[in-house]
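The block underneath contains the structure these notes are about, expressed in structure tokens.
Letters go in sequence order (proteins before strands), and every chain restarts at 1.
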2 protein chains.
Amino acid sequence: MRRMTARPANAHQARLLKLLRDGGPNSRAQLGDQVDLSRSKLAVEVDRLLETGLVVADGLAASRGGRRSHNIRLAPELRFLGVDIGATSIDVAVTNAELEILGHITQPMEVREGPVAVFEQVLAMAAKLKASGLAEGFDGAGIGVPGPVRFPEGVPVAPPIMPGWDGFPVREALSQELGCPVMVDNDVNLMAMGEQHAGVARSVADFLCVKIGTGIGCGIVVGGGVHRGTTGSAGDIGHIQAVPDGRPCACGNRGCLEAHFSGAALARDALEAAQQGQSVELASRLEVNGTLTAVDVAAAAAAGDAVCLDLIREGGTRTGQVIAGLVSFFNPGLVVIGGGVTGLGHTLLAAIRTQVYRQSLPLATGNLPIVLGELGPTAGVIGAARLISDHLFSPA
Amino acid sequence: MRRMTARPANAHQARLLKLLRDGGPNSRAQLGDQVDLSRSKLAVEVDRLLETGLVVADGLAASRGGRRSHNIRLAPELRFLGVDIGATSIDVAVTNAELEILGHITQPMEVREGPVAVFEQVLAMAAKLKASGLAEGFDGAGIGVPGPVRFPEGVPVAPPIMPGWDGFPVREALSQELGCPVMVDNDVNLMAMGEQHAGVARSVADFLCVKIGTGIGCGIVVGGGVHRGTTGSAGDIGHIQAVPDGRPCACGNRGCLEAHFSGAALARDALEAAQQGQSVELASRLEVNGTLTAVDVAAAAAAGDAVCLDLIREGGTRTGQVIAGLVSFFNPGLVVIGGGVTGLGHTLLAAIRTQVYRQSLPLATGNLPIVLGELGPTAGVIGAARLISDHLFSPA
DNA sequence: GGTCCTTTGTCCTGTGAGTGGAAAAAGTCG
DNA sequence: CGACTTTTTCCACTCACAGGACAAAGGACC
């Protein structure tokens with residue numbers, strides 16, 4: 001079918017589209033309660049939106065005591081593609097215009113293999129979703145990559161863990177292939193946007209979203225918007241020094257947080273513990289799989305393995321130290337912990353909490369929730385869909 | 001004389017007032033170049049502003065090749081009061097509507113003596129400035145205090161170094177006494193606003209302003225606006241851990257940056273060095289004055305005293321460590337160093353720079369200037385004037 | 001089913017913001 | 001002094017928007 005190409009003509013229409021996206025189908029009257037426009041003006045703008053095809057009528061709403069109103073909703077055929085490229089996996093999902101996930105595929109893939117191979121994979125996954133009948137085409141796509149991005153152009157800049165991606169025109173290329181608008185951002189920022197849209201961070205203006213995966217990053221939301229920094233590298237907390245003169249890090253320094261705690265570091269620690277015979281649980285897992293990952297540590301910890309619990313606790317403490325500093329500095333209203341190692345769950349969370357509450361001033365921590373992300377692996381793709389929808393639902 | 005009470009009636013007028021404040025007298029035509037309004041509309045709004053008395057005609061502008069235009073400027077009788085309450089001193093200044101300092105007084109005063117005593121002093125200083133003929137009254141006042149502030153209400157909250165100030169209605173009380181609108185903020189935020197308005201940070205959207213005085217704080221500017229955090233304590237970096245298991249700090253933790261480097265810590269270190277006979281220079285100064293402060297350290301360092309240079313260098317390194325973390329996290333476009341110990345000058349700056357450039361990733365530091373503040377002790381009062389002018393030059 | 005009230009949706013007119021052209025006013029330059 | 005610029009004022013026209021009037025549609029109660 002023909003894809004939608006219309007964009008809102010003014011700020012009012014943009015506002016209405018976002019309300020319908022975030023609040024689902026709504027009657028004109030309910031919309032009127034939220035936008036502070038006269039009924040006449042509202043009717044005009046809604047009619048225009050109906051003309052563009054971006055929104056459609058959707059039956060009658062329940063009565064609120066008088067005449068029943070006709071519901072309005074975003075066109076149900078609209079489709080967004082959300083892509084979350086992690087260090088070792090790719091997530092691709094299709095959503096409708098309300099950013100509900102209609103289909104979601106995950107595949108392991110090393111981002112190190114370079115943009116060409118990854119792109120091929122992403123396109124194959126998108127094609128698969130299309131083939132399964134979920135979409136006949138995409139009205140827009142958002143994509144997250146595990147490194148800094150020059151946001152306006154949608155191009156990765158000097159990404160440490162993505163050799164070959166520096167300067168690769170991700171936005172341009174994907175837009176070309178998919179035939180729709182594309183926006184690119186750091187994966188951590190997308191996770192933050194995902195949790196903001198549909199997760200724990202709804203209605204919080206200033207919060208931090210710490211993602212602990214292969215590396216560690218932090219999404220920063222200020223006044224409801226993502227802060228990307230001057231060069232797009234804001235939130236790159238993996239290389240903050242957590243241990244003076246600590247372990248050497250790939251970045252050339254010593255004691256970086258990421259060198260002491262992250263998916264990669266955890267796997268290395270686990271391997272060492274297994275080889276030195278400190279943990280029976282880990283050793284047997286090593287024997288079976290031939291390798292160890294953070295998942296093994298999580299499983300062993302869940303089974304009560306003391307070494308693994310210690311590893312997690314120590315990592316949580318290190319992470320908590322860094323977060324404590326950030327909390328003092330930024331004074332957020334919420335801290336969300338997410339990413340691959342959320343499987344470590346409450347042991348990790350408890351360690352982080354303890355450290356933050358101990359080390360930051362009471363005024364900053366007094367009413368500061370520190371919680372796990374609610375959306376798990378879907379946070380990134382929802383955030384990606386949100387990114388492109390924010391773009392498309394803004395006046396051209 | 002009668003004070004101005006008018007406020008801009010709409011966003012256009014607000015815009016024009018701010019242009020006149022930041023750019024000085026301007027012709028209608030020049031204003032037109034900047035605001036993207038039709039000539040007619042502009043003329044209407046300017047006329048209305050002239051009617052309110054907020055702006056006045058100011059002679060003819062130089063010709064740009066044709067008819068000479070009439071200049072417009074903010075009413076020259078407008079006066080703002082800028083108050084900067086530090087831990088150990090008070091600065092009060094009068095500015096005109098263009099935020100140029102017309103008079104400036106500094107007096108030593110311990111903020112510990114409580115709000116009543118400090119207020120008395122501030123009012124006396126304001127009266128002195130009035131008496132010297134610089135102002136017949138004030139159209140607005142901005143005031144900075146050395147601790148967290150609940151910004152909307154203008155009330156200090158749980159300020160560690162300001163016993164007796166917790167919950168004191170600073171805004172209310174000062175407004176009462178001066179008979180004009182008042183806004184209250186953290187002194188560090190005001191310093192940042194000052195440097196943004198008239199100092200090194202002009203035209204930088206995202207920057208950090210680190211103030212090293214009796215304590216250490218950091219003003220955070222995001223997208224041109226000050227970030228105050230959820231509880232008003234954003235930028236409180238003095239209690240970030242700089243040295244694991246380091247010196248005990250008044251806050252109850254160990255190793256806080258402030259415990260290792262700040263005006264207070266420096267004085268303590270100097271005293272110790274003098275008493276242990278490590279520095280002849282310091283010992284003789286101690287003998288003369290009976291006490292040592294950061295100023296003595298600065299002087300001794302300038303005279304080449306090795307112990308003092310070491311103290312400064314070590315402090316700079318510690319500070320640099322913390323700033324490096326913040327730079328990685330926030331990715332600012334500029335870092336400004338200011339506050340009382342700027343007397344330590346380039347020794348300090350060099351140490352901070354070295355550490356930041358060494359410890360942060362190249363992408364974040366690549367084009368990152370780290371500079372000393374340009375305004376010195378006037379940054380705070382200019383920022384205070386800017387705070388209230390921003391308030392008054394916004395639609396009611 | 002009838003009456004009264006509430007809510008929703010449409011129509012219409014008045015108002016005020018804002019645009020853009022024309023012309024007057026005030027200069028510069030040769 | 002005349003040709004050309006720039007600034008400023010004036011005016012007619014457009015458009016966005018508010019808000020009232022009214023019709024349509026439904027619920028509650030009798």
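- Across the protein-nucleic acid pair, B/L50 atom CG and D/dT8 atom C1' stand 13 Å apart, rounded to whole Å.
- B/H12 places its NE2 atom 12 Å from the C1' atom of C/dT19, with the value rounded to the nearest Å.
- Contact annotation: side chain of A/S40 to base of D/dG19, donor-acceptor pair present below 3.5 Å.
- If you take CG of A/N10 and C1' of D/dC15, they are 13 Å apart, rounded to a whole angstrom.
- In this entry the distance linking CZ of A/R48 with C1' of D/dC15 reads 10 Å, nearest Å.
- Heavy-atom contacts from other residues, nucleotides or ligands closer than 6.0 Å to CG of A/D33 number more than 12.
- Spacing between atom NE2 of A/H70 and atom C1' of C/dT10 amounts to 12 Å, rounded to whole angstrom units.
- Heavy-atom distances to DNA chain D give each of A/L37 and A/R68 a nearest nucleotide, and the one nearer the 5′ end belongs to A/L37.
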Checklist line | salt bridge (Lys or Arg N to Asp or Glu O under 4.0 Å) between B/R15 and B/E45, intermediate numbers included | finding: CA-CA 11 Å; B/R15 181 85 199 284; B/E45 297 297 355; over 6 Å; no

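- Looking at heavy-atom distances under 4.0 Å, A/A43 makes no contact with the nucleic acid at all.
- When the P atom of D/dT7 is taken as reference, atom CG of B/N71 falls 12 Å away, rounded to whole Å.
- Computed from coordinates, the A/R28 CZ to C/dC11 P distance equals 11 Å when rounded to whole Å.
- Look at CZ on A/R15: it is 18 Å from C1' on D/dA16, rounded to the nearest Å.
- Salt bridge B/K41/B/D36: absent, no basic N to carboxylate O contact under 4.0 Å.
- As judged by a 4.0 angstrom heavy-atom cut-off over every strand, A/R39 is placed among the base-contacting residues.
- In this model, no side-chain donor or acceptor of B/R67 finds a partner on the base of D/dT6 within 3.5 Å.
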